[in-house]
Amino acid sequence: MSVGLVIVSHSRKIAEGVVELAAQMAPDVVLVAAGGADGDGGARIGTSFDRVQAGIEEASGGGDGVVVLTDLGSAVMTAEMVLEFLEPDARSAVRLAQAALVEGAVAAAVQAQGGSSLDEVLRAAEGAVVSIRPEELEPFVSHAAAAPGSEAAGSRGAASSGDGPRAGGSWTLPNEMGLHARPAAALAAGLADLDAEITVNGVDGKSVMLLMSLGLGQGRTVTVEASGPDAQAAVDFVGQAVESGFGEPS
């Protein structure tokens, strides 16, 4: 069982698209799209109390709680109204995230896939946004990114300088798509339970959003630094994953 997610958007297509994206990285998580409102001739732009209510009921099937993510202000209001009508026991197992819809949904889904608790999934959703610094944009699609409020691009989640084993390594990405969403999710999930502080090219290796923000394409170098009891295991895991091309064509 795992925490379920409900995606509330004014657009049915947006909600369904976010669910489709998150499901690529979290196949075992219950993801429910609750987008659009009922109108003449089918769905229209807006939000629906009934759709959100039904979505929460469906997502509750996982048994570990539900995180609701919304897009615009009135979607928040609709979700809040639904929560007010829930029975106390049901309400205690639902969280309304203050998070960016796409980034939050992806981060929360990956966290839920790993079996995390309701509040851990909520924190993943709310901490998912990264800010891109325009001066570091590179040609084509590659770019560097930083966590909001951080002056140093790679400071968040950096390996500590404290006591404990340390390890590191560098590899070249062989796969055609590089470190895109699915490989980033695989790395973050595989590193999540290791007892080590891990950075990948200067960002937190346990954060799927920060890994995706690196924009590393084929031929780019992945550099890992780790400290802590599981430092070598973390480095070995990343090295094997990169060298295998994440099971994708090169």
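The figures that follow rest on heavy atoms only: side chains count, while hydrogens, waters and symmetry mates do not.
By the rule that hydrophobic residues join a cluster once side-chain heavy atoms approach within less than 4.5 Å of another member, Leu187 and Met177 end up as members of separate clusters. Under a hydrophobic-cluster definition in which Ile, Leu, Val, Met, Phe, Trp and Tyr are linked whenever side-chain heavy atoms come within less than 4.5 Å, directly or via other members, Phe49 and Val8 are assigned to the same cluster.
Summarising the geometry of Leu214 relative to Val200, their closest heavy-atom pair is CD1-O, 3.6 Å, with the distance given to 0.1 Å. Residues Ala184 and Leu211 approach most closely at O-CD1, 3.6 Å, considering heavy atoms. The heavy-atom pair separating Ala105 from Ile7 by the smallest distance is CB-CD1, 3.8 Å. A pairwise comparison of heavy atoms in Leu5 and Ala109 identifies CD1-N, 3.6 Å as the closest pair. Counting all heavy atoms, side chain and backbone alike, Val110 lies closest to Ala185 at CG2-CB, 3.9 Å. Nearest heavy atom pair, residue Phe237 against residue Ala186, reads CZ-O, 3.7 Å.
Annotation: side-chain hydrogen bond (donor to acceptor under 3.5 Å, both in side chains) contacts of Ser9 (sequence neighbours excluded): Asp71. Under the side chain to side chain contact (heavy atoms under 4.5 Å, CB included) criterion, Ala192 pairs with no residue at all, not counting sequence neighbours. With sequence neighbours excluded, the residues forming a side-chain hydrogen bond (donor to acceptor under 3.5 Å, both in side chains) with Ser117 are Glu120, listed by chain and number. The side-chain hydrogen bond (donor to acceptor under 3.5 Å, both in side chains) search around Asp28 returns Gln113, not counting sequence neighbours. By the side chain to side chain contact (heavy atoms under 4.5 Å, CB included) test, Glu243 pairs with Trp171, sequence neighbours left out. Looking at residues two or more places apart in sequence or on another chain, you find a side-chain hydrogen bond (donor to acceptor under 3.5 Å, both in side chains) between Thr223 and Ser170. Partners of Ala167 according to the side chain to side chain contact (heavy atoms under 4.5 Å, CB included) rule, which considers only residues two or more places apart in sequence or in another chain, are Ala231, Gln232, Val235. Under the rule for a salt bridge (Lys or Arg N to Asp or Glu O under 4.0 Å), Glu126 has no partner lying at least two apart in sequence or in another chain.
Residues Gln111 and Ser116 have side chains that bring a donor and an acceptor to within less than 3.5 angstrom of each other.
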Tell me which donor-acceptor pairs under 3.5 Å the side chains of residues 74-86 have, and how far apart each pair is, sequence neighbours excluded?
residue : atom : partner : partner atom : Å
Ser74   : OG   : His10   : NE2          : 2.5
Thr78   : OG1  : Thr47   : OG1          : 2.7
Thr78   : OG1  : Ser74   : O            : 3.0

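For residues 85-95, every residue pair satisfying the salt bridge (Lys or Arg N to Asp or Glu O under 4.0 Å) rule, not counting sequence neighbours, is listed here: Arg95-Asp119. Evaluation of the ring-ring contact (aromatic ring centres under 6.0 Å, His included) test over residues 180-214, restricted to residues two or more places apart or in two chains, returns none.
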